[in-house]
Structures are given as structure tokens and as C-alpha cells.
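Below is one structure, written out as C-alpha cells, with a few remarks after it.
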Amino acid sequence: LLALTAFICIETIMECSPCEGLYFFEFVSCSALVVTGALLLLFSLNLHTRIPQINWNLTDLVNTGLSTFFFFIASVVLAALNHKTGAEIAAVVFGFLATAVYAVNTFLAVQKWRMSSRQQSSRQSSDYIRARTESREVVHRPEIQRLDA
């Protein structure tokens, strides 16, 4: 919602000179809104369970991390190059708020990713131990006789 609000604020600006900071902020807010919205739709409709080949925890982590980074850069650039109009100031404020929310989400995504990678590695090591144990078990079959006897 904050990315959407920042995007709406930046779209209400009628004139600018130089416009590079404004265009960059517009691109970042629109991109973050579209990608986060698509992931939100995938997760809320449980469509991500149909594609198990993708590590969705890592995908969410990358999205929130990049959105945090680029929102921060775009907000700093727009804050430095703005013309002190109400829409630009509002866009900068919502940009920094979106940065903070994406940063919190990145922190939570890192924790979730670490927890899932630990579970996966413990599952793999237990499968390995079970396979080694099963391979060491000797099956006593009377039909097989030792050659040295």
C-alpha cells in the first residue's frame, strides 16, 4: 500500500526539471508494486505450491531485499533533487515508509529462509544417515553360501 501511495504521489507531479530522480522513483515504486503484488497473489491463492522447483522463501527474500535497497536509493535521490512541492515531499515520505516496511519484511524473510534451509539440511542429513545405516545391514539369506566354506 505504501508503494502504491508513493507511486500515486509521484504521478500527480505535473512538471519537473531535472526529472531523472522523479523518473527513477517512479520506476522503483511501480516495479516494487507490480512484483510484490504478483507474489502476494501467488501466495494468497496458494499457486506457489504448484511450482515446487522454485525456492519461494528465497524469491520473497530477494524481492524484499532489492525493494528495500532501491526504495531507499530512490527516496534519497528524490529528497535531494525535489522542488519542495507537496506531492514530491509526500512521495519522499511514503518512499521512506515503504523502505522501512520492506526492511522489516526482509528481516522476517531472512529468518524464514534460514529456518527452512536448516530444516532442509537436517532432513538431507537424516536421509543420508538412514541410507548409510540401511546399506550396512546384512541380510542373512541361506541360499547364498560363502565360497570359502
Side-chain angles (χ1 to χ4, degrees), residues 1-140:
L1 291 175
L2 292 170
L4 175 64
T5 307
F7 181 73
I8 291 171
C9 289
I10 209 69
E11 286 299 315
T12 61
I13 297 172
M14 295 297 170
E15 58 186 61
C16 63
S17 174
C19 296
E20 291 81 15
L22 187 118
Y23 292 153
F24 181 62
F25 188 89
E26 181 180 15
F27 172 75
V28 168
S29 61
C30 183
S31 299
L33 178 65
V34 169
V35 173
T36 303
L39 288 174
L40 179 64
L41 187 67
L42 278 170
F43 288 133
S44 63
L45 295 177
N46 280 332
L47 297 175
H48 66 286
T49 58
R50 295 183 183 205
I51 309 172
Q53 296 85 1
I54 297 175
N55 186 345
W56 291 104
N57 291 331
L58 184 61
T59 303
D60 186 40
L61 172 62
V62 168
N63 174 52
T64 56
L66 288 175
S67 295
T68 302
F69 176 74
F70 283 116
F71 248 118
F72 178 73
I73 298 298
S75 297
V76 167
V77 167
L78 188 62
L81 299 177
N82 74 24
H83 299 90
K84 311 260 187 289
T85 64
E88 287 177 326
I89 293 171
V92 168
V93 168
F94 283 112
F96 281 120
L97 288 174
T99 300
V101 171
Y102 273 115
V104 169
N105 197 7
T106 301
F107 174 74
L108 295 174
V110 165
Q111 288 184 333
K112 188 174 183 181
W113 178 68
R114 283 183 180 168
M115 188 171 60
S116 70
S117 66
R118 279 189 207 136
Q119 289 173 351
Q120 188 177 21
S121 68
S122 69
R123 191 176 331 123
Q124 286 175 347
S125 66
S126 67
D127 289 345
Y128 174 74
I129 290 170
R130 187 175 340 119
R132 285 196 63 199
T133 304
E134 289 173 359
S135 69
R136 289 183 182 179
E137 294 175 357
V138 177
V139 178
H140 298 287

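FYI, side chains are in, hydrogens and waters are out, and symmetry mates aren't considered; it's all heavy atoms of this structure. Computed from a prediction, not measured in an experiment: that's the story for all the values here.
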Residue Phe24 excluded, over 12 heavy atoms near CZ under 6.0 Å: yes
Any side-chain heavy-atom pair of Trp56 and Leu42 under 4.5 Å: yes
Could you give the distance from [atom1] ([X]) to [atom2] ([Y]), rounded to the nearest 0.5 Å?
X: Thr5; Y: Ile10; atom1: OG1; atom2: CD1; result: 12.5 Å
X: Leu39; Y: Thr64; atom1: CG; atom2: OG1; result: 9.5 Å
X: Asn57; Y: Met115; atom1: CG; atom2: CE; result: 8.0 Å

Steps toward side chain to side chain contact (heavy atoms under 4.5 Å, CB included) verdict (Ile73, Val28): CA-CA 9 Å; Ile73 298 298; Val28 168; over 6 Å; no
Criterion side chain to side chain contact (heavy atoms under 4.5 Å, CB included) on Glu88 and Leu22, from CA distance to verdict: CA-CA 8 Å; Glu88 287 177 326; Leu22 187 118; 4.1 Å; yes
For residues 44-53, which side-chain N or O atoms pair as donor and acceptor with protein atoms under 3.5 Å away, sequence neighbours left out?
from  : atom 1 : to    : atom 2 : distance (Å)
Ser44 : OG     : Leu40 : O      : 2.9
Ser44 : OG     : Leu41 : O      : 3.2
Thr49 : OG1    : Asn46 : O      : 2.7

Under the side-chain hydrogen bond (donor to acceptor under 3.5 Å, both in side chains) test, residues paired with Asn105 that sit two or more places apart: none
Contact summary for Ser29 and Phe7, nearest pair of heavy atoms: OG-CD1, 3.4 Å
Which pairs would a plain distance check flag for residues 91-104, meaning a side-chain donor or acceptor within less than 3.5 Å of a matching protein atom at least two apart in sequence or in another chain?
from   : atom 1 : to    : atom 2 : distance (Å)
Thr99  : OG1    : Phe72 : N      : 3.3
Thr99  : OG1    : Gly95 : O      : 2.8
Tyr102 : OH     : Thr36 : OG1    : 2.8

Using side chain to side chain contact (heavy atoms under 4.5 Å, CB included) as the criterion, list what pairs up with [X], not counting sequence neighbours.
X: Ser31; value: Phe27
X: Leu66; value: Val62, Phe70
X: Leu61; value: Leu58, Thr106, Ala109, Val110, Trp113

